[in-house]
Amino acid sequence: MPIVKIHKDNEIFKGDVKVNVNLVVQAGIKQFPFPHLKYKCGMGTCGTCVSKIISGEEYIDKPSWKEIKILKDKLKLGFRLTCQFRVYEDIEIEQ
């Protein structure tokens with residue numbers, strides 16, 4: 001099972017998730033990373049769930065057209081919308 005680490009407010013939260021899981025869906029059903037993950041719409045339109053990928057970028061889906069539209073140049077800096085990708089291996093993010 002992939003391990004997800006979330007850096008938030010000078011703390012690190014760590015937990016296991018199933019392979020091929022979307023973190024916003026997990027939070028929505030009150031499983032890890034709830035309540036540590038910020039999110040709102042879950043549809044890639046509000047940008048609330050924007051996160052910096054610290055490690056594991058190679059283990060998530062490529063950016064969706066929604067991420068390209070919302071994040072623009074921030075994509076090149078390692079930012080992603082957590083509602084738009086699935087986790088396949090260990091990943092570390094910062095919000």
Side-chain angles (χ1 to χ4, degrees):
M1 294 180 78
I3 296 171
V4 175
K5 291 182 185 175
I6 299 174
H7 295 247
K8 184 176 176 185
D9 301 327
N10 296 320
E11 292 186 71
I12 299 174
F13 305 96
K14 178 180 169 182
D16 297 335
V17 297
K18 294 179 182 177
V19 173
N20 195 30
V21 74
N22 177 283
L23 298 179
V24 169
V25 171
Q26 285 290 103
I29 58 174
K30 309 277 191 253
Q31 294 181 4
F32 185 82
F34 176 81
H36 312 296
L37 190 71
K38 289 189 308 185
Y39 66 96
K40 199 171 194 175
C41 76
M43 302 297 291
T45 57
C46 73
T48 302
C49 66
V50 67
S51 301
K52 169 96 168 142
I53 307 298
I54 296 170
S55 67
E57 185 174 7
E58 66 273 25
Y59 302 126
I60 59 176
D61 300 316
K62 294 186 188 243
S64 69
W65 67 268
K66 292 178 181 181
E67 287 181 279
I68 293 168
K69 181 180 176 184
I70 297 288
L71 298 175
K72 298 177 175 106
D73 289 338
K74 287 185 178 182
L75 278 170
K76 295 176 186 172
L77 299 174
F79 290 93
R80 297 289 303 272
L81 298 177
T82 56
C83 68
Q84 294 297 297
F85 63 79
R86 294 182 173 277
V87 176
Y88 300 100
E89 296 285 339
D90 297 353
I91 187 172
E92 194 166 353
I93 66 173
E94 180 177 15
Q95 279 199 315

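Numbers here simply count residues along the sequence, with the first being 1.
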Just so I know, are the side chains of I54 and I93 near enough to count as touching, which here means a heavy-atom distance under 4.5 Å? no
G42 and V24 have their tightest heavy-atom pair at CA-CG1, 4.0 Å
Measure the NZ-CD1 distance between K74 and I68 for me, rounded to the nearest 0.5 Å. 15.5 Å
Check whether D16 reaches the backbone of M1 with its side chain - one donor and one acceptor, N or O, closer than 3.5 Å. no
Expected output: side-chain D61 to main-chain R86 donor-acceptor under 3.5 Å: yes
Please determine if E94 and K8 form a salt bridge, counting it only when a charged side-chain N lies under 4.0 Å from a carboxylate O. no
For a 4.5 angstrom cut-off between non-hydrogen side-chain atoms, does S51 reach R80? no
Check the pair Q95 / L37 against side chain to side chain contact (heavy atoms under 4.5 Å, CB included), numbers first and verdict last. CA-CA 8 Å; Q95 279 199 315; L37 190 71; 3.6 Å; yes
Nearest heavy-atom neighbours spanning K62 and E67: O-OE1, 4.3 Å
Is there a side chain to side chain contact (heavy atoms under 4.5 Å, CB included) between V4 and D90 once you walk through the steps? CA-CA 6 Å; V4 175; D90 297 353; over 6 Å; no
Using a 4.5 Å cut-off on heavy atoms from C-beta on, say whether the side chain of K5 contacts that of I91. no
Taking every non-hydrogen atom, the tightest pair across C49 and C83: SG-N, 3.4 Å
Nearest 0.5 Å, please: how far is OH in Y39 from CG in L23? 11.5 Å
Measuring from K18:NZ to N20:CG, what's the distance to the nearest 0.5 Å? 11.5 Å
Ignoring hydrogens, what is the shortest heavy-atom contact between E89 and Y59? Give both atom names and the distance. CB-CG, 3.2 Å
Any luck finding a side-chain donor-acceptor pair between H7 and E92 under 3.5 Å? yes
If you look at every heavy atom in G47 and L81, which pair is closest and at what distance? CA-CD2, 3.9 Å
Assess whether side chain to side chain contact (heavy atoms under 4.5 Å, CB included) is satisfied between F85 and N22, documenting all intermediate values. CA-CA 6 Å; F85 63 79; N22 177 283; 6.0 Å; no
Just by distance, no angles: are the side chains of Q31 and Q26 close enough, under 3.5 Å, to form a donor-acceptor pair? yes
Y88 side chain near I60 side chain, heavy-atom distance below 4.5 Å: no
For residues A27 and P33, report the shortest heavy-atom separation together with the two atoms involved. N-CD, 4.1 Å
